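Quick caveat: nothing in here was measured; it's all calculated off a predicted structure.
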Amino acid sequence: QVQVVESGGGLVQPGGSLRLSCAASGNIFNIPAMSWYRQAPGKQRELVATITSGGSTDYMHSVKGRFAISRDNAENTVYLQMNNLNPEDTAVYYCKVRHLIRIGLSTDYWGKGTLVTVSS
């Protein structure tokens, strides 16, 4: 079993910055990818950014150039640096960890989310 815990959310003014953290713990074998999703009120959950164990990254279009995902493989931790935030970024942010048990068998674990509110 793998536990996933996010932290770092809060209230920030438009144009401000926040850094989210997500730590995975437990009986971990291999984590090929870690991702951040978000879900705004009344909307579907959407993929914000992904980073592989090799450091490859991918972002949704609306956050490119503003958000940066990074990870510490030794600590099984992923970060999301969010800059120039705007009210449309307000959402609950979730971390997803893809745990590879063996080749061809993986399980996704989710955290409970951390709320980011961008408002003046």
Side-chain angles (χ1 to χ4, degrees):
Q1 193 73 8
V2 175
Q3 294 77 45
V4 179
V5 179
E6 306 100 333
S7 62
L11 174 64
V12 63
Q13 291 186 342
S17 298
L18 278 177
R19 189 192 194 207
L20 306 183
S21 300
C22 167
S25 62
N27 190 20
I28 294 173
F29 176 65
N30 183 279
I31 299 178
M34 304 179 84
S35 303
W36 287 98
Y37 286 72
R38 70 185 184 187
Q39 187 166 19
K43 295 186 177 181
Q44 290 189 333
R45 191 172 297 188
E46 57 185 2
L47 175 61
V48 177
T50 297
I51 186 167
T52 68
S53 57
S56 296
T57 59
D58 193 23
Y59 298 91
M60 67 182 297
H61 178 74
S62 63
V63 307
K64 284 183 179 180
R66 299 190 297 123
F67 291 10
I69 189 170
S70 60
R71 67 185 279 179
D72 182 334
N73 290 331
E75 298 294 330
N76 294 316
T77 299
V78 63
Y79 305 95
L80 186 67
Q81 177 67 43
M82 305 184 295
N83 300 322
N84 193 21
L85 286 160
N86 59 62
E88 289 70 40
D89 297 315
T90 295
V92 177
Y93 283 71
Y94 297 90
C95 177
K96 186 185 81 173
V97 172
R98 175 149 294 173
H99 184 229
L100 183 67
I101 301 172
R102 64 174 186 267
I103 299 299
L105 179 61
S106 64
T107 302
D108 291 338
Y109 292 92
W110 292 84
K112 294 183 178 180
T114 184
L115 177 63
V116 172
T117 303
V118 184
S119 176
S120 56

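- The same ILVMFWY cluster, assembled from side-chain heavy atoms under 4.5 Å apart, contains both Leu20 and Tyr59.
- Under a hydrophobic clustering in which Ile, Leu, Val, Met, Phe, Trp and Tyr are joined whenever their side-chain heavy atoms come within less than 4.5 Å, directly or via other members, Val78 and Val92 fall into different clusters.
- Atom CD1 of Ile103 is surrounded by 12 or fewer heavy atoms from other residues, nucleotides or ligands within 6.0 Å.
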Requested in this report: Any chance you could lay out the salt bridge (Lys or Arg N to Asp or Glu O under 4.0 Å) test for Glu6 and Lys112, step after step, and finish with the verdict?
Outcome: CA-CA 7 Å; Glu6 306 100 333; Lys112 294 183 178 180; over 6 Å; no
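- Between the CG atom in Asn76 and the CD atom in Gln3 there is a gap of 11.5 Å [rounded to 0.5 Å].
- Here the side chains of Arg71 and Ser53 are in contact, with some heavy-atom distance below 4.5 Å.
- Between Val97 and Met34, the closest heavy-atom pair is CG2-CE, 3.8 Å.
- Although no hydrogens or angles enter the test, the distance criterion places a donor-acceptor pair under 3.5 Å between the side chain of His99 and the main chain of Phe29.
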Requested in this report: Evaluate side chain to side chain contact (heavy atoms under 4.5 Å, CB included) for Val12 paired with Ser17, printing each intermediate quantity in order.
Outcome: CA-CA 7 Å; Val12 63; Ser17 298; over 6 Å; no
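- In this structure, Tyr37 has its ring center closer than 6.0 angstrom to the ring center of Trp110.
- In this structure, the separation between OG on Ser35 and CG on Asp58 is 9.0 Å, given to the nearest 0.5 Å.
- Linking Ile, Leu, Val, Met, Phe, Trp and Tyr residues whenever their side-chain heavy atoms come within less than 4.5 Å leaves Ile31 and Leu100 in two separate clusters.
- Counting non-hydrogen atoms of other residues, nucleotides and ligands closer than 6.0 Å to CZ of Arg98 gives a total of 12 or fewer.
- When side chains are defined from C-beta on, Arg66 counts as touching Asn86, because their heavy atoms get closer than 4.5 Å.
- Among the candidates Asp89, Thr114, Val116, Thr90, the single residue satisfying the side-chain contact (heavy atoms from CB on, under 4.5 Å) test with Arg38 is Asp89.
- By the rule that hydrophobic residues join a cluster once side-chain heavy atoms approach within less than 4.5 Å of another member, Tyr79 and Trp36 end up as members of separate clusters.
- Summarising the geometry of Lys43 relative to Gln39, their closest heavy-atom pair is O-NE2, 3.1 Å, with the distance given to 0.1 Å.
- Follow the hydrophobic side-chain contacts under 4.5 Å out from Tyr94 and you never reach Val2; the two are in separate clusters.
- Within the 3.5 Å criterion, the main-chain N or O of Ile51 finds no donor-acceptor partner in the side chain of Thr57.
- Side chains of Leu11 and Ser119 form a contact here, defined as non-hydrogen atoms less than 4.5 Å apart.
- At least one side-chain heavy atom of Pro32 sits under 4.5 Å from a side-chain heavy atom of Asn30.
- Shown here for Pro14 and Ser120, the closest heavy-atom pair between the two residues is CD-N, 3.7 Å.
- Across all their heavy atoms, Ala49 and Leu80 have their closest contact at CB-CD1, 4.3 Å.
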